[in-house]
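Report on one structure; see the data block that follows.
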Amino acid sequence: MRIAILGAGYVGLVSAACFAEFGTEVTLVDTDAGRIGMLHEGRMPIYEPGLEALVADNVREGRLSFTQDLAAAMQGAEAVFLAVGTPTRRGDGHADLTYVFAAAEEVARTATKPLVLVTKSTVPVGTGREVKRRVQAVRPDLDIAVASNPEFLREGAAIGDFMRPDRVVIGVEDGEAGARAEAVLRRLYRPLFLIETPMVATRLETAEIIKYAANAFLAMKISFINEVADLCEAAGGDVHDVARGIGLDGRIGRKFLHAGPGYGGSCFPKDTLAFARSAQDLGTPLRLIETTIAVNDSRKMAMADRVIRACGGDVDGKVIAILGLTFKPETDDMRDAPSLEIIPRLVAAGAHIRAHDPEGMDAARRLLPATVEYASGALNAAQGADAVVLLTEWNEYRNIAPGKLRNMMRGNLLLDLRNVYDPPAMREAGFTYHSIGRP
């Protein structure tokens with residue numbers, strides 16, 4: 001089986017490599033010559049554990065290739081996937097579908113035979129029907145079946161998520177076109193039948209809503225436990241124990257109940273906002289999601305104030321070491337990371353920031369104030385610091401010996417905004433230790 005994927009970003013590249021690993025012949029298309037050039041050289045434009053080796057293996061086996069030539073990529077392809085960006089539209093919070101519609105119309109103009117056009121990008125409900133309308137307008141002579149196949153990849157664990165998913169969602173049109181699209185997608189995902197992966201086949205609209213609803217619900221769990229953490233601090237409770245106590249309830253589940261400085265990344269911020277805006281347009285506002293967004297925004301802003309209070313109400317002239325810049329570990333993604341809210345506020349308050357991140361510093365340099373200093377390691381960042389703030393729970397930070405970290409510092413203040421460290425151990429090492437929602 002042969003397919004083409006448009007968009008060599010995070011979703012497109014991971015999906016292309018994993019489909020190739022299934023035994024499918026995949027051509028990945030992107031208009032960015034620099035990105036395609038990097039891939040031809042075996043260099044990854046994104047950081048994702050295991051991706052470089054997976055790409056190299058499938059290129060070597062002849063199952064995966066890269067090009068800027070859409071027409072060449074579509075030769076013999078039974079399905080074409082759209083994995084282009086859907087950023088937040090400036091001014092109103094809706095998803096910007098410019099790239100999706102442009103790519104769909106270009107596929108229609110280029111096609112020489114019937115095919116299945118699959119939206120992999122995260123898009124609002126109704127997008128699939130509009131894609132269908134547009135490709136029919138461009139090529140009324142050609143049978144192009146439109147489908148939705150949303151991705152559920154976690155950055156840092158994307159390959160495992162693709163190869164061993166909780167479910168595969170397939171949204172299709174009604175009638176013969178839908179049946180043909182479903183058959184092609186089921187054949188493409190046939191390797192997952194061997195591990196009994198559930199296949200959820202729905203209408204186009206349902207598949208689009210499933211993706212947004214899943215992300216919004218997980219974001220809501222994060223905001224919920226963050227507010228519970230504030231209650232724990234005020235009342236003397238321990239949010240770790242609360243999270244465990246409620247997470248063991250099978251109706252709730254243990255995942256996404258880790259208190260911290262708020263969610264970020266490429267999905268939750270833009271998807272919750274677009275989901276809320278779409279619902280408002282349809283006259284069915286999602287009040288819980290609107291509140292989730294507001295809680296998360298205020299959470300990030302409040303973290304800088306928390307650091308300043310812990311420093312005695314004044315950080316002017318103080319050296320503050322920041323450990324972790326990306327929105328989560330095992331990625332170089334800085335999109336909507338809490339550090340982008342926290343660090344500029346600390347700089348504006350007069351702090352000197354010395355930061356370290358295993359993968360995110362190149363991207364951070366383009367986004368953070370020019371005065372931020374970047375260190376070659378966590379201990380280098382802490383050297384001579386008045387305070388250390390843990391923002392991203394990379395494993396290398398978990399493994400730092402408390403005494404060694406303390407000895408590098410001028411002060412003794414440690415703010416663990418991810419609840420990584422053991423409070424008694426850190427206090428025994430001589431730290432004035434602050435965590436989230438813990439006594």
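Atom set for the values below is all heavy atoms of this structure, side chains included, hydrogens, waters and symmetry mates excluded.
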Give every donor-acceptor pair under 3.5 Å between a side-chain atom in residues 222-230 and any protein atom, sequence neighbours left out.
residue	atom	partner	partner atom	Å
Ser223	OG	Thr292	O	3.3
Asn226	OD1	Gly260	N	2.8
Asn226	ND2	Ile222	O	3.4
Asp230	OD1	Arg299	NH1	2.9
Asp230	OD2	Arg299	NH1	3.1

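- Within a 6.0 Å radius of CZ in Arg254, other residues, nucleotides and ligands contribute 12 heavy atoms or fewer.
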Intermediate values then yes/no, side-chain contact (heavy atoms from CB on, under 4.5 Å), Glu330 and Glu359 = CA-CA 8 Å; Glu330 301 300 335; Glu359 296 293 337; over 6 Å; no
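- At least one donor-acceptor pair closer than 3.5 Å links the side chain of Thr331 to the backbone N or O of Asp333.
- Within 6.0 Å of the CZ atom in Arg60, the count of heavy atoms belonging to other residues, nucleotides or ligands exceeds 12.
- Put simply, the side chain of Asp314 does not reach to within 4.5 Å of the side chain of Ile308, judged on heavy atoms.
- In this structure, Gly324 and Ile322 approach most closely via the heavy-atom pair O-CG2, 3.6 Å.
- Among all heavy-atom pairs drawn from Ala158 and Leu153, the shortest one is O-CD2, 3.6 Å.
- Ile289 approaches Ala216 most closely through the heavy-atom pair CD1-CB, 3.6 Å.
- Note on Glu151 versus Lys120: no salt bridge recorded, every NZ/NE/NH1/NH2 to OD/OE distance being 4.0 Å or above.
- Distance CZ/Arg63 to CG/Asp57: 8.0 Å, rounded to 0.5 Å.
- A side-chain donor-acceptor contact under 3.5 Å links Thr291 to the backbone of Arg287.
- Between Gly264 and Pro269 the shortest heavy-atom distance is O-CD, 3.6 Å.
- Residue Val107 is tested with Val135, Leu117, Val131 for a side chain to side chain contact (heavy atoms under 4.5 Å, CB included); the sole match is Leu117.
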task = Give the intermediate values and the outcome of side-chain contact (heavy atoms from CB on, under 4.5 Å) for residues Asp416 and Ile436.
result = CA-CA 7 Å; Asp416 181 5; Ile436 299 287; over 6 Å; no
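- Because its NZ or CZ atom is not both nearer than 6.0 Å to the ring centre of Tyr433 and within 45° of the ring axis, Arg427 does not count as a cation-pi partner of that residue.
- A cation-pi arrangement is present between Arg167 and Phe152 under the rule of less than 6.0 angstrom and at most 45 degrees off the ring axis.
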message = Quick one, Val118 with Leu82, criterion side-chain contact (heavy atoms from CB on, under 4.5 Å). Give me CA distance, side-chain angles, the key distance, then yes/no.
response = CA-CA 6 Å; Val118 187; Leu82 304 181; over 6 Å; no
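- When side chains are defined from C-beta on, Val388 counts as touching Met409, because their heavy atoms get closer than 4.5 Å.
- The ring of Tyr189 has its center closer than 6.0 angstrom to the ring center of Phe19.
- Checked by atom type and distance alone, the side chain of Thr86 never pairs as donor or acceptor with a backbone atom of Asp96 at under 3.5 Å.
- Ring planes of Phe268 and Tyr263: perpendicular class, angle over 60° (limits at 30 and 60°).
- A heavy-atom distance below 4.5 Å is not found between the side chains of Thr122 and Pro150.
- Ion pairing between Asp362 and Arg365 holds under the 4.0 Å rule for side-chain N and carboxylate O.
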inquiry  = Working note: Glu233 + Arg306, criterion salt bridge (Lys or Arg N to Asp or Glu O under 4.0 Å); need CA distance, chi angles, decisive distance, verdict.
reply    = CA-CA 12 Å; Glu233 288 188 18; Arg306 179 186 289 258; 2.9 Å; yes
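- Within 6.0 Å of CZ on Arg190 lie no more than 12 heavy atoms contributed by other residues, nucleotides or ligands.
- Taking every heavy atom of both residues into account, Arg203 and Arg129 meet most closely at NH2-NH2, 3.3 Å.
- Phe217 CZ: 12 or fewer foreign heavy atoms inside a 6.0 Å radius.
- The line from OG1 of Thr326 to CD of Glu393 is 8.5 Å long, rounded to the nearest 0.5 Å.
- With hydrogens and angles disregarded, a donor-acceptor distance shorter than 3.5 Å links the side chain of Glu48 to the backbone of Ala157.
- A perpendicular orientation is assigned to the rings of His40 and Phe66, their planes being inclined by more than 60° (bins at 30° and 60°).
- Heavy-atom contacts from other residues, nucleotides or ligands closer than 6.0 Å to CD of Glu196 number 12 or fewer.
- For CD of Glu428, the number of neighbouring non-hydrogen atoms (other residues, nucleotides, ligands) closer than 6.0 Å is 12 at most.
- The number of heavy atoms from other shown groups lying within 6.0 Å of CZ (Arg244) does not exceed 12.
- Looking only at atom types and distance, the side chain of Thr67 has no donor-acceptor partner in the side chain of Asp69 under 3.5 Å away.
- A salt bridge does not link Arg35 to Asp30: none of the charged nitrogens lies less than 4.0 Å from a carboxylate oxygen.
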